[in-house]
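Reading through the structure tokens given below for one structure.
So you know, we letter chains A, B, ... as the sequences are listed, proteins then strands, and number each from 1.
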Amino acid sequence: EPEVTQTPSHQVTQMGQEVILRCVPISNHLYFYWYRQILGQKVEFLVSFYNNEISEKSEIFDDQFSVERPDGSNFTLKIRSTKLEDSAMYFCASSVEGTYYGYTFGSGTRLTVV
Amino acid sequence: KQEVTQIPAALSVPEGENLVLNCSFTDSAIYNLQWFRQDPGKGLTSLLLIQSSQREQTSGRLNASLDKSSGRSTLYIAASQPGDSATYLCAVSEAGNNRKLIWGLGTSLAVNP
């Protein structure tokens, strides 16, 4: 069964450093997403991406965050200057068309900011 | 603003029991509802997807029902097994915006042998 692949599975970074989280969505999917889950809290929507541009972003997704689809297969989330409160599990997902057929999620990247 | 609530927060049952997990949402104008499973420190596995026009979906020992007008969904697990131990999450997408999911906090299930 097709999978969404995320790398790395765990990343530790110093506060103030830039991090890039990587995802390879399912090849025939058109919509891509990033969600995050802070330990003990609800999963939160960050951003959706379609047709090479952001289609929606949440209040969390401020100027410190950016997304890119650099080469037609990868989908990346960059955090420019990490803060302690960015520590969370970050999930990438992709879908054929919105949520109608559901999402497929990756296994997540646990980001720890120290 | 849509809010999703799941009760109970945690559940511990002996193996073999049938059990029901509950999900409620405040705005009935949903596009669809999904149930996910999350193992500790792991990703999100989709279990069942119910469109707003549907009443239930079944997959193996799992059955999910949807009562949109009352803002409720239940996930029924038959003959529970230790391997069912995980956190079960409910998420809705809204009729006016079907591109993002709004999540509950989950029910942490422990099935004891």
Side-chain angles (χ1 to χ4, degrees), chain A residues 1-7 9-10 21 23 26 29-51 53-61 87-112, chain B residues 1-7 9-10 23-26 29-54 57 59 62 64 66 68 73 75 86-108:
Chain A
E1 188 164 328
E3 286 185 346
V4 173
T5 305
Q6 287 188 247
T7 56
S9 57
H10 192 182
L21 310 184
C23 171
I26 293 174
H29 285 187
L30 301 177
Y31 294 81
F32 315 114
Y33 313 86
W34 285 99
Y35 285 77
R36 80 173 185 189
Q37 185 180 33
I38 295 171
L39 190 64
Q41 297 187 21
K42 292 182 178 183
V43 177
E44 301 173 289
F45 169 79
L46 292 179
V47 65
S48 60
F49 192 86
Y50 170 72
N51 202 24
E53 60 183 25
I54 291 174
S55 51
E56 185 174 355
K57 59 184 181 180
S58 71
E59 300 163 349
I60 304 165
F61 195 89
S87 296
M89 183 76 100
Y90 288 81
F91 293 107
C92 173
S94 67
S95 68
V96 173
E97 188 276 312
T99 64
Y100 184 81
Y101 297 106
Y103 282 19
T104 302
F105 279 88
S107 55
T109 293
R110 178 164 297 286
L111 177 65
T112 304
Chain B
K1 183 185 167 189
Q2 180 74 269
E3 294 282 343
V4 179
T5 304
Q6 291 186 247
I7 53 172
C23 171
S24 61
F25 43 95
T26 53
I30 64 168
Y31 187 76
N32 57 30
L33 181 146
Q34 285 185 255
W35 282 93
F36 292 86
R37 169 183 173 138
Q38 184 175 32
D39 292 282
K42 298 289 178 66
L44 300 161
T45 302
S46 180
L47 298 173
L48 290 164
L49 168 67
I50 312 177
Q51 305 297 345
S52 61
S53 58
Q54 296 174 323
Q57 284 286 340
S59 175
L62 305 180
L66 174 64
K68 202 174 72 155
S73 175
L75 179 67
T87 296
Y88 291 81
L89 299 168
C90 163
V92 301
S93 63
E94 297 185 294
N97 179 353
N98 73 330
R99 294 185 186 178
K100 70 177 184 184
L101 294 173
I102 301 163
W103 299 77
L105 192 52
T107 294
S108 177

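- Expressed to the nearest 0.5 Å, how far OH of A:Tyr103 lies from OG of B:Ser46 amounts to 11.5 Å.
- Taking B:Arg37 as the reference, B:Asp39 meet the salt bridge (Lys or Arg N to Asp or Glu O under 4.0 Å) condition, with sequence neighbours excluded.
- The choice from B:Gln34, B:Lys42, B:Gln51, B:Arg99 that makes the most heavy-atom pairs within less than 4.5 Å of chain A is B:Arg99.
- Looking at A:Gln41, only its backbone comes within 4.5 Å of chain B, counting heavy atoms on both sides.
- Among residues 88-96 of chain A, the residues having any heavy atom closer than 4.5 Å to a heavy atom of chain B are, in sequence order, A:Met89, A:Phe91.
- Contacts with chain B were tallied for A:Gln6, A:Glu97, A:Gln37; A:Gln37 has the most, counting heavy-atom pairs under 4.5 Å.
- Contacts between B:Leu49 and chain A at a heavy-atom distance below 4.5 Å involve the side chain alone, from C-beta outward.
- A 6.0 Å sphere centred on CD1 of A:Ile38 holds more than 12 heavy atoms belonging to other residues, nucleotides or ligands.
- At a 4.5 Å heavy-atom cutoff, the contact between A:Tyr35 and chain B is made by side-chain atoms alone.
- Contact check on A:Glu56 versus B:Lys100 returns a salt bridge, with a Lys/Arg side-chain nitrogen under 4.0 Å from an Asp/Glu carboxylate oxygen.
- Here the side chains of A:Lys42 and B:Glu3 are in contact, with some heavy-atom distance below 4.5 Å.
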